[in-house]
Amino acid sequence: MPDQPATIFDPSKSFDDNVDHGPFGRPSNEVYQNKGNPTYNFLGHKLYSPFGIGAGSLPTSRHVQYGFERGFDVICYKTQRSVPFPCNMFPNVVYVDVDGDLTIEKARKPLIGHLSSDKPVQKLTITNSFGNPSRGPDFWEEDMKQAVSAQGKGQLLIASVVGTAQNGFSPQDYYQDFADTAAIAIKTGVSVIELNLSCPNVADEGVVCYTYDAVIDIARRTKEKIGDIPIIAKLGYFTPAQQELLEKIVVDSSKYLSAYSVINTIQAAVVDETGKQLLPGPGRLRAGVCGRAIRWAGLEMVTRLTELRQKHNLTYEIIGIGGVSTPADFQKYRTAGAEIVQAVTAPMWNDKLAEQIKATL
Ligand SMILES: Cc1cc2nc3c(=O)[nH]c(=O)nc-3n(C[C@H](O)[C@H](O)[C@H](O)COP(=O)(O)O)c2cc1C
């Protein structure tokens with residue numbers, strides 16, 4: 001257990017337990033009060049602060065409401081699908097040992113993971129290996145409506161969606177499923193969509209953000225389907241050798257997209273102290289790693305997207321995400337060019353992070 005108890009999402013409990021009974025934190029009468037008028041702008045919305053929680057730790061409207069009530073002003077409802085999809089086997093979060101930054105070089109070798117940790121939140125690096133579970137629209141469509149109504153003045157809910165590769169699907173059917181899932185989400189009244197193009201935890205779906213045709217096709221189909229609702233693409237880390245690919249993807253997809261969110265996770269093999277795969281089940285040797293050790297990669301991607309925006313005279317906005325656990329981390333992302341900063345790992349244990357960041361604004 002890290003030095004603070006998990007509140008928003010408790011990874012020591014199963015995903016279903018969190019969905020059915022979470023959040024397990026403070027009583028909801030401890031509410032953060034935003035004061036005055038919201039002054040930050042994002043995708044046409046006024047916000048009290050440019051900080052919030054990215055896709056992952058808020059799988060229901062109760063979790064979303066908990067986040068808004070603690071002053072996180074830009075919140076993603078956890079990625080949803082057009083069909084029910086199971087969660088990877090428990091545990092999904094383990095604590096990994098990384099000395100400093102998880103560089104791409106270091107991520108080529110297995111990392112040692114542990115089922116518990118006594119590290120402070122600011123030093124935590126963890127796996128998130130859920131596989132984008134979803135109970136399907138029968139569950140989340142109604143629940144997302146509740147999440148939409150939990151938005152306070154100066155707050156914004158984003159719906160994260162992903163396509164599902166199904167039996168008999170062509171690649172185009174799969175790309176269309178991203179758009180169709182976005183169309184279900186906007187029926188709930190949500191005003192911004194995020195396309196999760198970078199989930200690394202579903203063995204047979206692959207990470208679409210590194211395939212030019214896939215990104216352009218998904219972005220175009222979603223734009224055609226949902227019209228004026230702004231669309232964000234969530235991308236993974238592109239190595240310097242992939243810079244040309246990143247540039248081509250961003251330049252050509254930005255006509256359909258309003259923002260990019262970087263980054264998701266860095267993938268690495270995670271083993272126990274004897275070298276055995278730690279997360280149970282097939283296809284789970286490698287897992288998405290997030291938290292402190294990937295902060296460098298999120299910051300670098302924000303810097304590169306800021307430079308590309310300037311170079312090509314584009315107008316997209318940028319969400320910086322990865323390893324933010326202090327007001328200083330938040331500030332670094334803003335200085336690098338991010339309009340919005342989000343975190344997922346740190347707020348799971350520190351639900352006062354928004355309050356702490358707001359104290360410095
Ligand atoms: C528990 C957990 C669940 C996650 N689930 C999702 C998800 O459903 N969709 C997604 O796009 N990213 C997901 N992520 C990735 C985060 O959105 C984020 O990009 C990544 O964790 C880096 O931020 P952090 O270092 O602040 O955690 C998840 C992360 C965590 C920790």
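When a ligand or atom number is given, it counts from 1 through the structure's own listing order.
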So for ligand 1, is T79 a polar contact partner (N or O within less than 3.5 Å, distance only)? yes
Examine A346 against ligand 1 and note whether any of their N/O atoms are separated by less than 3.5 Å. no
N196, any N or O under 3.5 Å of ligand 1 N or O: yes
Residue and atom name of the nearest protein heavy atom (relative to atom 18 (C) of ligand 1), distance in Å to one decimal: I321 CD1, 3.6 Å
For atom 15 (C) of ligand 1, what is the closest protein heavy atom, and at what distance to 0.1 Å? N264 OD1, 3.4 Å
One residue to check: I294. Relative to ligand 1, which of side chain, backbone, both or neither has a non-hydrogen atom less than 4.0 Å away? side chain
How about Y32 and F72: do any of their side-chain heavy atoms sit closer than 4.5 Å? no
Nearest non-hydrogen protein atom to atom 8 (O) of ligand 1, with distance, is K78 NZ, 2.8 Å
Give me the residue, atom name and distance of the protein heavy atom closest to atom 4 (C) of ligand 1. G56 CA, 3.2 Å
Would you call D20-R135 a salt bridge at under 4.0 Å N-O? yes
If you scan protein heavy atoms around atom 21 (O) of ligand 1, the nearest is C290 CB, 3.2 Å
Run the salt-bridge test on R220 and E224 with the 4.0 Å N-O cut-off and return the result as yes or no. yes
Reference residue N196; test side-chain contact (heavy atoms from CB on, under 4.5 Å); the match among N132, V208, L235, V161: N132
Checking the N or O distance criterion of under 3.5 Å, is ligand 1 in contact with V93? no
Looking only at heavy atoms of I263, does any of them come nearer than 4.0 Å to an atom of ligand 1? yes
In this structure, atom 27 (O) of ligand 1 is nearest to the protein heavy atom T345 OG1, 2.6 Å
Regarding K145 and E142, does a basic nitrogen lie under 4.0 Å from an acidic carboxylate oxygen? yes
For atom 26 (O) of ligand 1, what is the closest protein heavy atom, and at what distance to 0.1 Å? V344 N, 2.9 Å
Atoms of ligand 1 under 4.0 Å from any heavy atom of G323, numbered from 1 in the order shown, are 24 (P), 25 (O), 26 (O)
For ligand 1, which atoms, with element, lie under 4.0 Å from some heavy atom of A343? 26 (O)
Looking at side-chain heavy atoms only, is the closest gap between F24 and T7 below 4.5 Å? no
Any non-hydrogen side-chain atom of V289 less than 4.5 Å from a side-chain atom of T265? no
Apply salt bridge (Lys or Arg N to Asp or Glu O under 4.0 Å) to residues E307 and R304 and explain how you reach the verdict. CA-CA 5 Å; E307 285 165 4; R304 287 157 70 191; over 6 Å; no
Could a heavy atom of G322 be found less than 4.0 Å from some atom of ligand 1? yes
Counting heavy atoms only, which part of F130 comes closer than 4.0 Å to ligand 1: side chain, backbone, both or neither? side chain
What protein heavy atom sits nearest atom 16 (C) of ligand 1, and how far away is it? A55 O, 3.4 Å
Candidate with minimal heavy-atom separation from atom 11 (O) of ligand 1, of K234, M348, Q342: K234
